[in-house]
Amino acid sequence: MSEKGGKGFKSSLKSTPSKYGSGKDDNSTKSKKPKKVQFDSLGTKESGYKIIQDSDDQFQGSAKGGKGSKPKKTTLPKEPQPPEFKAEKELPENAKFLMDCEAFQILEGIKAHIAVLSDDPSIKTPVSFDGGVEYVKYGSCYTNPQSVRQILEPLKKHGVTEDELCMIANACPESTDEVFAFLPSMKGRKDKIIQPLEEAVAKLSKLERSA
Amino acid sequence: MFFHIVLERNMQLHPRFFGRNLRENLVSKLMKDVEGTCSGRHGFVVAITGIESIGSGLIRDGTGFVTFPVKYQCVVFRPFKGEILEAVVTLVNKMGFFAEAGPVQIFVSNHLIPDDMEFQAGDMPNYTTSDSSVKIQKECEVRLKIIGTRVDATEIFCVGTIKDDFLGVINDPAAAA
């Protein structure tokens, strides 16, 4: 980081006599606003910001000279922890999560459509389509996605995100313990959410398809 | 997990496909080109569900091909870390087992199989508990958690675990038979 700052300084010093080449001009314009550009970009990207914070903490630790305490702190997070489900953060723009039962409904509709459309023998249903249909056919435990949404939608008021909601619907949970095991991020809100979740799970179990 | 997404693609079409059926030709080419493909960012494109818009075509210099920007809606399947999937076991060996959940292949290492399950070699290799009450073998269904994904240009490969609460065998057709 200190190197970056140093480079910025050098280029800004160079920028005063640079009116010879367009390339240098470009560099100078970039380097004239390096502080703004760098800070803006770091500020907007959360992940980048976090890294800097972490590194700052480490630097602070070393500056304080806390040799004994800091290394212990760094070893603690190394314990193997199951990855938390954060699909919403990884989701691309313009995307909407689908529960397996919703996907099944859509894909079944398309399947019929494809059968009609495929006069062209060169159009074959791709392997991933068949795989996807197979997966949702046997994986989804509910036949009526609308009623599943109706049951789970109130959980959003209690901070349950769209991806968590779909995960609950896909897992077909029999108890709230099962939900908390699959979504450890919800354990922190357990006190607030346990009652509406219990109600939702009870209603879902009534909906469950008799396979 | 499945999701619905709007994607864009520049489609090149030969002039012989122009005419009254241009739109149909464009859509069928899009289906051929896109369905079944996989990208690391979006996952497997399972099916195109609709066309949002088709922009005006642009003739490519030197060729008769015309490029049309097409916006389309599609159903995509992508595994996420921490997600719970139900998968069918396809291969069992001493290193662990492979399973398939839709178009995705998942490997579960023997380190991520409960300690009380041991590998049994033979015609039908399997992992079995000491009391033989639970058996993981080919074609049985397991519920697993995705703990890692490796993204290729055309494939997504996952690593999973069944060493957690509420995970493991959910249906064994061999036992049921």
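Side-chain atoms are counted along with the backbone in the values below, which use heavy atoms only and exclude waters and symmetry mates. Here is the naming used below: chain letters follow the sequence lines, and residue numbers restart at 1 for every chain.
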Next item on the list: Mark yes when over 12 heavy atoms from residues, nucleotides or ligands other than B/E8 sit less than 6.0 Å from its CD; otherwise mark no.
Entry: yes
Check: For atom CZ of A/R189, is the number of surrounding heavy atoms from other residues, nucleotides or ligands below 6.0 Å larger than 12?
Finding: yes
Measure distances from [X] to the heavy atoms of chain A and classify the residue's part below 4.5 Å as side chain, backbone, both or neither.
X: B/V45; result: backbone
X: B/F44; result: side chain
X: B/F77; result: side chain
X: B/L85; result: both

Mind telling me whether [Y] and [X] have parallel, tilted or perpendicular rings, with 30° and 60° as the class edges?
X: B/Y127; Y: B/F119; answer: tilted
X: A/F182; Y: B/F166; answer: perpendicular
X: B/H14; Y: B/F65; answer: perpendicular

Note to self: Donor-acceptor pair, distance only, cut-off 3.5 Å: does the side chain of B/N25 make one with the backbone of B/F17?
What the structure shows: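 Pair found, side chain donor or acceptor close to backbone of B/F17.
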Checklist line | Under 3.5 Å side-chain donor-acceptor pair for B/N126 and B/T128 | finding: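 The criterion, which ignores hydrogens and geometry beyond distance, is satisfied for B/T128 and B/N126.
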Item checked: Residue A/E134 versus chain B: region with a heavy atom under 4.5 Å ->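 Contact with chain B involves no heavy atom of A/E134 at all.
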Notebook entry, point to check: Where does A/D130 contact chain B at under 4.5 Å (heavy atoms): side chain, backbone, both or neither?
Noted result: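 Nothing of A/D130, per the 4.5 Å heavy-atom cut-off to chain B.
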Notebook entry, point to check: In terms of heavy-atom pairs under 4.5 Å, which option from B/H42, B/Q73, B/R78 contacts chain A the most?
Noted result: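 Looking at each option in turn, the highest pair count goes to B/R78.
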Next item on the list: Specify which of B/V6, B/L7, B/I84 makes the most heavy-atom pairs with chain A at under 4.5 Å.
Entry: B/I84
Item checked: Most chain B-contacting option - heavy-atom pairs closer than 4.5 Å, from A/C166, A/G131, A/A103 ->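 Result: the option with the highest number of such pairs is A/G131.
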